[in-house]
Structures are given as C-alpha cells and as structure tokens.
Amino acid sequence: DDVKPAPTQCVGPLYRSESQKPTAVVSTGVEFETVTILPQTPQLIALLSIIRNKDTQRGDFIFYSNRIIRLLVEEGLNHLPTVEHTVTTPVGRPYDGLSFQGKICGVSIMRAGEAMEQGLRECCRSVRIGKILIQRDEESSQPKLFYDKLPEDIADRWVLLLDPMLATGGSAIMAVDVLKSRGVPEERILFLNVLASPKGIQNFATKFPKLRLVTAFVDQGLDEKNYIIPGLGDFGDRYYTI
Ligand code: PRP
Ligand code: URA
C-alpha cells in the first residue's frame, strides 16, 4: 500500500513532559540523507493545520503559507557554503564568525512555485529568479514543459528550486532535468518544498542522489487522482485564485 500510517507524536518544547504536550500527526520519516524535514515544532504544526483546513480563506492561506515558506528558506540557506570571517565589533573586539560564499539564484516551477519567491527575496535581497512553466495534466498527472527563462550564468550558481508540492515527483524531476541540461550540477541544486508524498520523495531522491531537498512535511500518500493526502488540496488554486 502506498499510504503510510499517520505517525502521531507529542509536540512541544523539550522541557515539558510528554503528558503536558498535545499530540498531533507529524511528518513521516524518510531514509534519504539528502532529505531534510523541518523540525516538527508547535509553530510549524499549527501553521500547517491552518493551510490544510478546507475552510481557510485565501488571505489566511497566503499569510500562513508565507510563514512556512520563510522557515524553509532560512533552513535551505543553511545548506549553502560559508567561510570563516572575522569582524571587528564597535567596542574594538574581534568576532570570529562566518560569511556566505558563492552566487545563488532562485528558480520557481510555475505557477505554485512563484508563491515562494517572496520568501526567498526577503532573505536574499536582490536574488535573481528564473522560471520554469510545468503543468501537470489533470487526467494523466504527467508533467508538461511549456517554457523556461533562466539566468544566463546559471551553471555558475547555486540554484534554489521552488515548488510547494511534490506529489508523484514528475514536475520536480522535469525541472531538474532542465537545470541539468543548462549545466547546473545536481549537487548545486537545493529543492525547497512545503509538502511531499513518500512516493514523490522516493522517486525524486532516487533519481538525484546528490541533490538536497528541504521539506516541511512528508504526508501519508497520494489519492487516486495523485493528490497528496491528507494534503491541502491544490496549492496554486488556493494561493492565487480560489
Ligand atoms: C502542482 C504543484 C507541482 C505539481 C506536483 O502544479 O505545484 O508543480 O503539481 O505534482 P507532481 O509531483 O505529481 O508532478 P500544477 O501542475 O497543478 O500547476 P500549478 O502550479 O499551476 O497549480
Ligand atoms: N498539486 C497540488 O497542488 N496538490 C496536490 O495534492 C498535488 C499536486
């Protein structure tokens, strides 16, 4: 069966005993070391509960999705290289810290991935952003590539690939194939994702064993129309049109 049982866990800070914490369904675990799942904190679970709710209206869906996206971007940036960097503080003392190294760009898988661009811009002010338009056929669930426009020097950059939904994995795999055909090595691509299915993770991580994926949550499975379950419905529709 492709639908995993829901793992339930006490959620809350370490200093509280289990009996003081409420339980909630948390992310399914995965066996790939290239996949990072955000810590299942009370904030994240509460934010996800809002965007999963079918009664949540568009304004709140946008606001709370944006908060999750911001968490993903902050975690994603931790996977980029840094170098040692010492600065002098206003009181004349040195501080041995770090600075970022390397050029980056974002690439969104349109349409839903564009919802993640603002969160990336909030952290990386003038970041360049490329676009790949891939649409999943509603009947067959097969992805179709319509368009791409990417920075000229993308092969010299770290690429943050943006798509909130990873269902069968078909769309994300097609997007990575486009990036690789432009000379971006797999190990310099970081895929940021809100909600994944176990099958999508399996397909994607097996195909690209050097590519890092950061997700907020791995759900139980897919339904007969290849929608993620329990899921949140159609992310693009809820963010842009419903
Ligand atoms: C959704 C989603 C992903 C894809 C995931 O996009 O944003 O791109 O489906 O499904 P998959 O893993 O099975 O390929 P959709 O094609 O519905 O377009 P949209 O972004 O315009 O909503
Ligand atoms: N795309 C979505 O927006 N939601 C799903 O559950 C699957 C694909």
Side-chain angles (χ1 to χ4, degrees), residues 2-4 6 25 27-28 30 32 34-35 37 47-54 56 58 61-62 64-66 68-69 72-73 106-120 129-150 159-179 189-208 211 213-242:
D2 270 350
V3 179
K4 305 256 190 264
V25 171
S27 174
T28 296
V30 297
F32 299 95
T34 47
V35 176
I37 303 171
L47 295 170
L48 282 165
S49 305
I50 296 171
I51 67 166
R52 286 175 183 280
N53 186 343
K54 67 176 174 48
T56 296
R58 202 167 70 93
F61 187 86
I62 294 170
Y64 293 103
S65 302
N66 287 348
I68 298 172
I69 289 162
L72 282 167
V73 172
V107 171
S108 59
I109 304 179
M110 294 162 71
R111 155 192 67 155
E114 291 178 291
M116 301 176 74
E117 293 176 4
Q118 186 195 333
L120 179 59
I129 294 185
K131 311 255 184 184
I132 302 180
L133 175 56
I134 293 172
Q135 294 283 284
R136 203 170 84 141
D137 183 274
E138 287 196 5
E139 294 303 314
S140 67
S141 304
Q142 290 305 306
K144 190 163 183 278
L145 173 65
F146 288 92
Y147 166 91
D148 69 81
K149 198 85 182 170
L150 301 167
V159 178
L160 296 159
L161 181 64
L162 311 173
D163 193 332
M165 304 302 277
L166 179 71
T168 64
S171 304
I173 288 171
M174 186 172 267
V176 172
D177 284 338
V178 171
L179 297 175
I189 304 171
L190 196 67
F191 180 34
L192 304 185
N193 167 256
V194 174
L195 191 60
S197 78
K199 187 79 174 292
I201 295 264
Q202 169 86 31
N203 292 342
F204 187 85
T206 309
K207 178 114 205 268
F208 306 120
L211 196 158
L213 189 165
V214 179
T215 186
F217 202 101
V218 182
D219 239 359
Q220 284 166 252
L222 295 172
D223 71 7
E224 57 293 341
K225 291 171 84 181
N226 284 322
Y227 269 75
I228 299 173
I229 53 172
L232 53 77
D234 188 309
F235 189 99
D237 282 356
R238 295 192 68 191
Y239 200 96
Y240 290 112
T241 62
I242 292 181

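One-based numbering, in listed order, for ligands and for the atoms of each.
Nearest protein heavy-atom contact of atom 5 (C) of ligand 2 is Tyr227 CD2, 3.5 Å. The protein atom (non-hydrogen) at minimum distance from atom 8 (O) of ligand 1 is Asp163 OD2, 2.5 Å. Of all protein heavy atoms, the one lying nearest to atom 14 (O) of ligand 1 is Ser171 OG, 2.6 Å. Summary of contacts: the protein heavy atom closest to atom 16 (O) of ligand 1 is Arg136 N, 2.7 Å. Among all non-hydrogen protein atoms, the one lying nearest atom 3 (O) of ligand 2 is Phe235 N, 2.9 Å.
If you check each of Pro164, Gly233, Gly231, Ser141 against atom 4 (N) of ligand 2, the one with the closest non-hydrogen atom is Gly233.
Arg52 forms a cation-pi arrangement with Phe217, by the criterion of a distance under 6.0 Å to the ring centre and an angle within 45° of the ring axis. With Tyr227 as the aromatic partner, Arg136 meets the cation-pi criteria of under 6.0 angstrom to the ring centre and within 45 degrees of the ring axis.
Remark: atom 6 (O) of ligand 1 lies closer than 4.0 Å to no protein heavy atom. Put simply, atom 1 (C) of ligand 1 has no protein non-hydrogen atoms near it, under 4.0 Å away.
The closest side-chain heavy-atom distance from Ile109 to Leu162 is not below 4.5 Å. Within the 4.5 Å cutoff, side-chain heavy atoms of Ile132 are placed close to those of Leu145. Side-chain contact between Lys144 and Asp137 is absent, with no heavy atoms from C-beta onward closer than 4.5 Å.
Put simply, the side chain of Asp223 never gets that close to the backbone of Ile228: no donor and acceptor are under 3.5 Å apart.
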Next on the checklist: Show, in sequence, the C-alpha distance, side-chain angles and deciding distance for Leu166 and Val218, and conclude whether the side-chain contact (heavy atoms from CB on, under 4.5 Å) test is met.
Outcome noted: CA-CA 9 Å; Leu166 179 71; Val218 182; over 6 Å; no
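Close approach of ligand 1 to Asp234 is summarised as follows: ligand atoms under 4.0 Å from at least one heavy atom of the residue are 22 (O). Near Thr168, meaning under 4.0 Å from one of its heavy atoms, ligand 1 places the atoms 11 (P), 12 (O), 13 (O), 14 (O). Close approach of ligand 1 to Gln135 is summarised as follows: ligand atoms under 4.0 Å from at least one heavy atom of the residue are 16 (O), 18 (O), 19 (P), 21 (O). Every atom of ligand 1 is numbered from 1 in the order shown, and the set under 4.0 Å from a heavy atom of Met165 is 2 (C), 3 (C), 5 (C). Less than 4.0 angstrom separates some heavy atom of Gly169 from each of these atoms of ligand 1: 11 (P), 12 (O), 13 (O).
Checked against a 3.5 angstrom limit, the closest N/O atoms of Ile228 and ligand 2 fall inside it. Between Ile109 and ligand 1, not a single N/O pair is under 3.5 Å apart. The distance criterion of under 3.5 Å between nitrogen or oxygen atoms is met by Ala112 with respect to ligand 1. Ligand 1 has an N or O atom lying under 3.5 Å from an N or O atom of Arg111, backbone or side chain. Ligand 1 has no nitrogen or oxygen under 3.5 angstrom from a nitrogen or oxygen of Asp237.
For Arg238, the closest heavy-atom approach to ligand 2 does not fall below 4.0 Å. Using a 4.0 angstrom heavy-atom cutoff, Asn226 does not count as in contact with ligand 1.
Using modelled atom types and a 3.5 Å distance limit, the side chains of Ser108 and Glu114 yield no donor-acceptor pair. Between the side chains of Tyr239 and Asn66, at least one donor N or O sits under 3.5 Å from an acceptor N or O.
Classified by interplanar angle (parallel below 30°, tilted 30° to 60°, perpendicular above 60°), the ring pair Phe204/Phe191 is tilted.
Using a 4.0 Å cut-off between charged side-chain N and carboxylate O, Asp219 and Lys199 make no salt bridge. The pair Lys131-Glu117 counts as a salt bridge, with a side-chain nitrogen and a carboxylate oxygen less than 4.0 angstrom apart.
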